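As the structure lists them, so they are numbered: ligands from 1, and atoms in each ligand from 1. Note that this is a predicted model, so its numbers are computed, not measured.
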Amino acid sequence: MAREKLELVEVSPRDGLQNEPDVVSTEHKLELINRIVGAGFRRMEVGSFVNPKKVPQMADGDAVFAGLPKRNDVTFIALALNLRGVERAIVAGATEVNYVFCASDGFSIRNNGGTVEETFRVWPDVARTAKAGGARLSATISTAFGCPFDGEVSIDRVVAVAELCAQQEIFELALADTIGVAAPSDVRERFRAIKGVAGGLQLRAHFHNTRNTALANAVAAVEGGVRVLDGSLGGIGGCPFAPGAAGNVPTEDLLYMFNRMGFDTGVDLDAAIETAHFIGDVLGRKTPGMVSRAPKWPHA
Ligand code: ZN
């Protein structure tokens, strides 16, 4: 019987590295991206086109895109938070743009430079620009489970923001637990709640492991029908504008677990673990992912 497909989107080159205090060189980023491709990932976030003064780790987006492996079978995602970012991503050659909205005003003002309502004013222009530039567009709703500034975020609010996202032509909608506060019950509830407005859109989940619930949340998302999950090898990551945000869910931990659960991700676990070690070497520290530190299982 063919195993069911599960897509893992590797975000270490973007979400993983963006919060690191020491800027990682373009060369190291490109080596990381090549290793990620080599491990079998076919979709990954490789940069964001945001204010380089605010996020210095991402200042080399153009150089990263220029140096990407020439692979038609791999999608390299550029993240943007405003129209200018989308324009820069297109110029850099991005074929997929992930545009980020927030579910809460407190985070939206700090991360996106305006209230949620204000950030949606450019949404038609963003969609037009992406389309004219030949890039497919997805939307992420950050702080969809809670906000570091406004606290609890209601389900109604998330549904309302999802509805606004779906007003433009996107192929995918993601819910992000930016600060890692969700429990599996929240994940089930919120993905179920947005299905009404998300129509036939592909759904994607983005978890952080701040409170050790990320793996459980990933299972809840998949049991709720989500088939695209973000992960960051080694479990590195965080957000410069979200106090207390810990790393992304470690991709190798997702991979081990969903392999055992019978899903086909197309990714080689050993190569993913080696890549997690490479990240640890580049950053000069032990990364939080667990499968990369555990003995190999099953034994060779
Ligand atoms: Zn994140």
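- Looking at Arg227 and Glu4, a side-chain N of the basic residue comes within less than 4.0 Å of a carboxylate O on the acidic one, giving a salt bridge.
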Check against side chain to side chain donor-acceptor pair (under 3.5 Å), Asn217 and Thr213: CA-CA 6 Å; Asn217 290 340; Thr213 56; 3.3 Å; yes
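- Between Arg35 and Glu10 no salt bridge is recorded (no basic side-chain N to carboxylate O distance below 4.0 Å).
- Salt-bridge annotation for Glu20 and Lys29: absent, with no side-chain N of the basic residue lying under 4.0 Å from a carboxylate O of the acidic one.
- Protein N/O/S atoms closer than 2.8 Å to the Zn ion (ligand 1): Asp15 OD2, His206 NE2, His208 NE2.
- Classification of the Phe191-Phe145 ring pair by plane angle, with boundaries at 30° and 60°, yields tilted.
- Side-chain polar atoms of Thr26 and Asp60 form a donor-acceptor pair below 3.5 angstrom.
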